[in-house]
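Values below: all heavy atoms of this structure, side chains included; hydrogens, waters and symmetry mates excluded. For reference, positions follow the sequence shown, starting with 1.
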Amino acid sequence: DTKRRSKVGQASHVVSAVRRWLLLTAAGGVEIPELTATLRPLRRMLRVWQMLTPSSFRRPVWRQVALTMAVAALLDQKPRVCLLILLQFHGLLRPGEARHVRWVDLGFLASHEHEQYPDTFGVVGIVRPKTRRMSSHSVHQYVTIESRILASLLQRLMSRVSPSDLERPIWLGTNHDLRLWWLRTVTRLGLLELNITWAGLRAGGATDFWLRTKNLPALRRRGRWSNEQTLERYI
């Protein structure tokens, strides 16, 4: 459906769904042809489509713009939205990963630990990393907090959370709520022509890290990319 501009990734999900449906059908006692031969035409079509489709590129949200949006969230009395913006930009988290971070997943270094690791102030555990089902990625992933200001803000807000709510996610709303706030705020600030989206925070943080450090291995580790080819889509 060209009007909906369907993505190759969605087509890949469809092929996976067909495969699972065939497996379930076979498990129910229905005879089906050999699975690999049955799916071969679909996979060939998908491979051709992937080769014809250029790599997607999300416009990076620049550092000044990310900080502006974070401050706007604070002024709107939405400190949790501010945290998500800073976590995605600084920690290179994907939107879905940031939404599932819980207060209990935040860890902060003690003073004697900070003396040993002066550039690190804490750790963010990623509960549901997007790549957790891929064999080349770990199920349990994390990113370090290397900003004193961000660590201080996280600790300050975390101190106001009751012990019974520490297991709950930082963000309690929906993805639609975040996107709606983003669109309204970008429009209100006169930044609509920049054509930036919530998903561009990860690309903005990656680009900013690269321009400041020129350290590609550290960037790849920080963004949890398995290879540099994937990383280049974000810079």
Side-chain angles (χ1 to χ4, degrees), residues 58-109 114 117 119-132 137-138 140-161 165-182 185-186 196-210 212-213 218-225 231 234-235:
R58 293 183 177 91
R59 178 165 296 187
V61 178
W62 201 244
R63 169 181 284 265
Q64 289 88 337
V65 178
L67 293 177
T68 298
M69 297 296 286
V71 172
L74 286 179
L75 295 177
D76 287 346
Q77 304 298 318
K78 296 182 180 296
R80 298 182 183 225
V81 175
C82 172
L83 286 186
L84 291 192
I85 293 173
L86 296 178
L87 283 174
Q88 286 183 223
F89 185 87
H90 179 75
L92 309 186
L93 269 63
R94 301 175 179 87
E97 295 172 341
R99 290 197 308 270
H100 288 96
V101 172
R102 305 167 302 176
W103 293 106
V104 74
D105 299 319
L106 304 176
F108 304 98
L109 270 65
H114 180 63
Y117 312 104
D119 297 328
T120 303
F121 299 90
V123 173
V124 179
I126 303 174
V127 185
R128 295 180 59 181
K130 180 181 178 181
T131 56
R132 63 188 181 278
H137 293 263
S138 173
H140 306 286
Q141 299 179 17
Y142 69 92
V143 65
T144 54
I145 303 173
E146 299 175 5
S147 167
R148 184 190 300 272
I149 296 177
L150 177 57
S152 176
L153 180 61
L154 286 168
Q155 285 181 297
R156 184 178 305 177
L157 293 177
M158 189 174 179
S159 64
R160 304 175 184 175
V161 179
D165 290 336
L166 291 177
E167 294 282 349
R168 304 183 69 183
I170 294 177
W171 176 247
L172 301 175
T174 64
N175 185 35
H176 176 72
D177 295 334
L178 289 174
R179 292 179 181 274
L180 189 60
W181 177 87
W182 181 275
T185 306
V186 167
I196 53 175
T197 64
W198 189 274
L201 289 166
R202 178 171 162 89
T207 303
D208 179 75
F209 186 94
W210 165 249
R212 286 187 296 104
T213 66
L219 174 58
R220 188 173 70 85
R221 177 65 187 87
R222 186 164 187 78
R224 296 164 288 120
W225 287 291
L231 183 153
Y234 290 84
I235 300 179

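- The backbone N or O of W182 lies less than 3.5 Å from no partner atom in the side chain of T185, so there is not a single donor-acceptor pair.
- For R222 (side chain) and T144 (main-chain N/O), a donor-acceptor pair under 3.5 Å exists by modelled atom type.
- When every heavy atom of A98 is checked against every heavy atom of L93, the shortest pair comes out as CA-CD2, 3.9 Å.
- Contact record, F121 with H114: CE2-CE1, 3.1 Å, taken as the closest heavy-atom pair.
- Taking CD of E97 as the start and CG of L84 as the end, the distance is 12.5 Å to the nearest 0.5 Å.
- Using a 4.5 Å heavy-atom cutoff, the side chains of Y142 and V124 are not in contact.
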Sequence neighbours left out, cut at 3.5 Å: what donor-acceptor pairs do the side chains of residues 199-207 make with other protein atoms?
| residue | atom | partner | partner atom | Å |
| --- | --- | --- | --- | --- |
| R202 | NH1 | L92 | O | 2.3 |
| R202 | NH2 | G223 | O | 3.1 |
| T207 | OG1 | A203 | O | 2.8 |
| T207 | OG1 | Y234 | O | 3.2 |

Residues 60-75, side-chain donor-acceptor partners within the protein, below 3.5 Å, at least two apart:
| residue | atom | partner | partner atom | Å |
| --- | --- | --- | --- | --- |
| W62 | NE1 | Q64 | OE1 | 2.8 |
| R63 | NE | D208 | OD1 | 3.2 |
| R63 | NE | D208 | OD2 | 3.4 |
| R63 | NH2 | D208 | OD2 | 2.8 |
| T68 | OG1 | Q64 | O | 2.7 |

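- Using modelled atom types, one side-chain atom of W171 and one backbone atom of T174 make a donor-acceptor pair closer than 3.5 Å.
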If you apply the rule side chain to side chain contact (heavy atoms under 4.5 Å, CB included), what do you find for I235 with L219, and how did you get there?
CA-CA 11 Å; I235 300 179; L219 174 58; 3.4 Å; yes
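- Shown here for A151 and F108, the closest heavy-atom pair between the two residues is O-CE2, 3.7 Å.
- Atom CD in Q155 sits 10.0 Å away from atom CG in L150 (nearest 0.5 Å).
- Between L153 and C82, some side-chain heavy-atom pair lies under the 4.5 Å cut-off.
- No side-chain heavy atom of P169 sits less than 4.5 Å from a side-chain heavy atom of R99.
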For V101 and V127, run side chain to side chain contact (heavy atoms under 4.5 Å, CB included): C-alpha distance rounded to whole Å, both residues' side-chain angles, the deciding distance at 0.1 Å, then the answer.
CA-CA 6 Å; V101 172; V127 185; 5.7 Å; no
Going through the checks in order, is the side chain to side chain contact (heavy atoms under 4.5 Å, CB included) test met by V143 and V123?
CA-CA 6 Å; V143 65; V123 173; over 6 Å; no
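- At least one donor-acceptor pair under 3.5 Å links the side chain of R80 to the backbone N or O of I170.
- For CZ of R212, the number of neighbouring non-hydrogen atoms (other residues, nucleotides, ligands) closer than 6.0 Å is greater than 12.
- No hydrogens or angles considered: nothing links the side chains of E167 and W103 as a donor-acceptor pair under 3.5 Å.
- Between atom CG of residue L86 and atom OG of residue S147 there is a gap of 8.0 Å, rounded to the nearest 0.5 Å.
- Partner I126 forms a side-chain contact (heavy atoms from CB on, under 4.5 Å) with one of R224, H100, H140 and no other, that one being R224.
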Working note: R168 + R102, criterion side chain to side chain contact (heavy atoms under 4.5 Å, CB included); need CA distance, chi angles, decisive distance, verdict.
CA-CA 5 Å; R168 304 183 69 183; R102 305 167 302 176; over 6 Å; no
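- The line from CH2 of W198 to CG of N175 is 9.0 Å long, rounded to the nearest 0.5 Å.
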